[in-house]
Amino acid sequence: MIIVMKHTASEEDIETMIREVEAKGLKANVIRGTERTVIAAVGEERVAGIGSLESGPGVDEVLPIVAPYKLASRELKPESTTVRAGTLAVGNGNIGVIAGPCSVESEEQIVSAAHAVKDAGASALRGGAFKPRTSPYSFQGLKEEGLKLLAEARNQTDLAVVTEVVSPDDVDLVSEYADVLQIGARNMQNYRLLEATGKSPRAVLLKRGPSATIDEWLLAAEYILDSGNPNVILCERGIRTFETHTRFTLPLASVPYVQQRTHLPVVIDPSHGTGHTYLVPAMARAAIAAGADGLIVEVHPSPEQAASDGYQSLNFSQFDEMMCACAIIAGAVERQLGSLS
Ligand code: PEP
Ligand code: MN
């Protein structure tokens with residue numbers, strides 16, 4: 001249920017209604033919008049007497065939330081959310097571009113990538129320190145050493161750092177170094193991990209699982225929101241289909257579809273979504289034209305030598321060229337591409 005408060009409702013009215021909601025065994029989440037304050041009463045909605053909340057002080061109306069996700073839904077919060085983390089801003093016309101290598105390999109690699117993507121106009125640096133790999137014999141990442149190298153790259157460039165966390169046990173450690181915690185596609189339904197990142201002060205980038213429906217993806221976001229973290233960025237990174245020519249199938253229709261149902265920003269990953277360097281720039285341009293709130297792109301100083309995902313990584317000049325084209329498209333759809341200083 002959403003309890004929509006009147007414009008004239010006082011702080012005391014809001015407090016009274018929070019207590020009423022809690023007395024019915026529901027959780028009260030207060031969303032203070034520019035237009036109105038609403039209280040989301042989340043939990044078993046068929047509790048007795050819920051309709052009578054409409055006669056509470058300062059209440060305008062009480063509405064059901066039809067979507068299976070509540071806090072993530074536009075029904076609850078009609079205005080789009082902007083997620084900010086250091087130099088990164090995504091949502092409401094700000095297109096954030098997160099770029100860098102698939103994995104952190106060495107100081108020279110990550111620091112040179114950070115400078116190059118910054119010069120090309122990226123808003124944040126990506127790089128995996130904890131890598132979830134299909135094979136246990138593949139490079140698993142430099143772990144804490146990789147986090148330290150990311151922190152060094154941020155020191156030198158000021159760019160916000162986006163890096164993956166693969167286990168609930170590592171959330172505190174990764175939160176010490178990262179500005180945004182990435183939850184990888186393989187972990188989208190790791191509910192303990194979602195809850196743990198929901199308790200972190202850092203923003204979360206939640207990748208769509210390759211076989212997850214959009215409702216399952218948004219319900220995964222709901223876990224993070226319900227655990228207390230409002231700063232969630234959704235990331236469409238492609239799904240598994242019968243097609244084998246591209247690594248995954250990248251459904252760009254997810255962008256306008258998801259934006260209609262949730263207030264959370266959605267970014268596109270054209271690197272994992274295609275699996276081929278030569279397809280990445282076209283999909284990045286198409287994503288922006290479709291209204292994506294951002295991109296996450298793999299960029300490596302020498303992709304042919306990358307420890308992971310070199311076949312889908314751009315080199316520095318390819319990234320620079322992609323950014324110039326994306327800036328033109330962003331202007332055409334009245335959005336801004338870039339970073340916060
Ligand atoms: C990554 O970003 O390098 C990664 C492992 O992505 P995904 O979880 O989407 O496969
Ligand atoms: Mn990768």
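Whatever order the structure lists ligands and atoms in, that order sets their numbers, starting from 1. A quick note: this is a predicted structure, and the numbers were derived from the prediction, not measured. We count residues from 1, following the sequence as given.
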Item to check | Interatomic distance, H115 atom NE2 to I110 atom CD1 [nearest 0.5 angstrom] | outcome: 11.0 Å
Checklist entry - Salt bridge between K70 and E75, side-chain N to carboxylate O under 4.0 Å? => result no
Checklist entry - What's the atom name of the N, O or S in H272 nearest to the Mn ion (ligand 2)? => result NE2
Checklist entry - Of all N, O or S atoms in D309, which has the smallest distance to the Mn ion (ligand 2)? => result OD2
Checklist entry - So which N/O/S atom does E298 have closest to the Mn ion (ligand 2)? => result OE2
Checklist entry - Could E22 and R19 be called an ion pair, given the rule that one side-chain N must be under 4.0 Å from one carboxylate O? => result no
Checklist entry - Within 45° of the six-membered ring axis of F139 and under 6.0 Å from that ring's centre, is NZ or CZ of R133 located there? => result no
Next on the checklist: Does this structure show an ion pair linking D226 with K27, if we count only N-O contacts that are shorter than 4.0 Å?
Outcome noted: yes
Next on the checklist: Which option wins on minimum heavy-atom distance to atom 9 (O) of ligand 1: R208, R237, H272, Q182?
Outcome noted: R237
Next on the checklist: How close do V90 and G294 get, counting heavy atoms only, and between which atoms?
Outcome noted: CG1-CA, 4.3 Å
Item to check | E304, CD atom: more than 12 neighbouring heavy atoms under 6.0 Å | outcome: yes
Item to check | Ligand-side contact atoms (ligand 1) for residue partner G184, heavy atom cut-off under 4.0 Å | outcome: 8 (O)
Checklist entry - Hey, which atoms in ligand 1 end up nearer than 4.0 Å to a heavy atom of R186? => result 7 (P), 8 (O), 10 (O)
Next on the checklist: Tell me whether C102 reaches ligand 1 (any heavy atom closer than 4.0 angstrom to a ligand atom).
Outcome noted: yes
Checklist outcome for this item: Correct closest heavy-atom pair for L252 and I268 would be CD2-CD1, 3.7 Å
Next on the checklist: If I apply the N/O under 3.5 Å rule, does D309 come out as touching ligand 1?
Outcome noted: no
Item to check | Numbered atoms and elements of ligand 1 in range of K207, under 4.0 angstrom, heavy atoms | outcome: 1 (C), 2 (O), 4 (C), 6 (O), 7 (P), 8 (O), 9 (O)
Checklist entry - What are the atoms of ligand 1, with element, lying closer than 4.0 Å to any heavy atom of A185? => result 7 (P), 8 (O), 9 (O)
Next on the checklist: Any nitrogen or oxygen of D269, side chain or backbone, less than 3.5 Å from one on ligand 1?
Outcome noted: no
